[in-house]
Amino acid sequence: MSLNIKIIAPDKTVWDAKAEEIILPSSTGQLGILTGHAPLLTALDIGVMRVRIQKEWIPIVLLGGFAEIESNEVIILVNGAEEIADINLEKSKVLLETAQQTLQDAKTNKDKIEATQNIRKARARVQAITMGKES
């Protein structure tokens, strides 16, 4: 038995596949989902979702959203999602450094919040690439 997983961003369906297990970056921490999981609706944070297909783990960056789990169906509605094939490690590292510097230089709360979000996105990208190289 497997999970049917769909990741839907505003402009496209990013992922539509079956898997044995997923780990979601929920707003309260990492959330593991296996077949037979109880129905659940949860908010998702910016972070890396990991999908296990057979013995391989596939990382996907999620940029916040919601997940609904019911009857081995996992529907994930996100603000954005990125597969590791679409992520450049060096560019992500530069963006992380830039965002960290922007946070240090930020004067207003709005600038601090925006820089913090950019740091979280860049960290998730770097983490996903690193995970992808390990599998």
Side-chain angles (χ1 to χ4, degrees):
M1 186 171 254
S2 61
L3 297 165
N4 295 316
I5 303 168
K6 267 192 187 177
I7 302 173
I8 304 167
D11 57 341
K12 65 180 178 177
T13 298
V14 177
W15 184 273
D16 189 356
K18 293 183 182 291
E20 288 78 39
E21 178 180 5
I22 62 171
I23 299 174
L24 295 169
S26 80
S27 58
T28 57
Q30 298 292 308
L31 179 63
I33 309 293
L34 295 167
T35 57
H37 197 285
L40 175 70
L41 180 62
T42 187
L44 299 175
D45 210 350
I46 294 170
V48 180
M49 175 182 93
R50 293 176 284 163
V51 180
R52 184 171 60 87
I53 299 176
Q54 295 173 3
K55 294 185 179 188
E56 183 181 353
W57 284 97
I58 300 166
I60 299 172
V61 175
L62 301 182
L63 303 177
F66 293 91
E68 178 184 31
I69 296 98
E70 187 171 11
S71 303
N72 294 324
E73 296 278 339
V74 181
I75 307 295
I76 301 168
L77 303 174
V78 292
N79 300 326
E82 300 171 8
E83 295 183 70
I84 61 170
D86 300 330
I87 300 171
N88 178 297
L89 179 59
E90 293 308 314
K91 183 178 176 183
S92 296
K93 286 180 177 180
V94 169
L95 289 172
L96 178 57
E97 290 174 15
T98 302
Q100 289 170 331
Q101 186 61 50
T102 302
L103 179 60
Q104 288 179 353
D105 298 340
K107 303 280 189 255
T108 67
N109 283 340
K110 180 184 177 212
D111 291 341
K112 290 176 184 176
I113 291 168
E114 188 174 308
T116 300
Q117 291 293 84
N118 289 334
I119 288 170
R120 294 172 71 210
K121 289 175 186 177
R123 277 190 185 143
R125 290 179 182 117
V126 170
Q127 182 183 12
I129 290 280
T130 306
M131 285 178 182
K133 288 181 180 177
E134 291 172 359
S135 53

Side-chain heavy atoms under 4.5 angstrom apart, residues restricted to Ile, Leu, Val, Met, Phe, Trp, Tyr: same cluster for [X] and [Y]?
| X | Y | value |
| --- | --- | --- |
| Ile60 | Leu44 | yes |
| Leu31 | Leu3 | yes |
| Leu34 | Ile23 | no |
| Ile53 | Met49 | yes |
| Leu24 | Leu40 | yes |

To the nearest 0.5 Å, tell me how far [X] [atom1] sits from [Y] [atom2].
| X | Y | atom1 | atom2 | answer |
| --- | --- | --- | --- | --- |
| Leu95 | Glu90 | CG | CD | 11.5 Å |
| Lys93 | Asn88 | NZ | CG | 10.5 Å |
| Ile5 | Ile76 | CD1 | CD1 | 6.5 Å |
| Leu103 | Ile113 | CG | CD1 | 11.0 Å |
| Ile33 | Ile69 | CD1 | CD1 | 4.0 Å |
| Glu68 | Thr42 | CD | OG1 | 11.5 Å |

For residues 7-21, please give each side-chain donor-acceptor pair under 3.5 Å, one per line with the distance, not counting sequence neighbours.
from	atom 1	to	atom 2	distance (Å)
Lys18	NZ	Asn4	OD1	2.4
Glu20	OE1	Gln54	N	2.4
Glu21	OE1	Arg52	NE	3.1
Glu21	OE1	Arg52	NH2	3.4

What heavy-atom pair brings [X] and [Y] nearest, and what distance separates the two atoms?
| X | Y | answer |
| --- | --- | --- |
| Asn79 | Gly65 | ND2-N, 4.4 Å |
| Ile22 | Val74 | CD1-CG1, 3.6 Å |
| Lys107 | Lys112 | O-CE, 4.4 Å |
| Arg123 | Leu96 | CG-CD1, 3.7 Å |
| Pro59 | Val48 | CB-CG1, 3.7 Å |
| Ile87 | Arg125 | CG2-CB, 3.9 Å |

Donor-acceptor pair, side chain of [X] and main chain of [Y], under 3.5 angstrom:
| X | Y | value |
| --- | --- | --- |
| Asp45 | Pro25 | no |
| Asn72 | Gly36 | yes |
| Ser26 | Thr28 | yes |

Do [X] and [Y] come close enough that some side-chain heavy atom pair is under 4.5 Å?
| X | Y | result |
| --- | --- | --- |
| Gln104 | Gln101 | yes |
| Thr102 | Asn118 | no |
| Val126 | Leu89 | yes |
| Ser92 | Ile129 | no |
| Val78 | Leu63 | no |
| Arg50 | Gln30 | yes |

Quick one: side-chain hydrogen bond (donor to acceptor under 3.5 Å, both in side chains) partners of Asn109, sequence neighbours excluded?
none

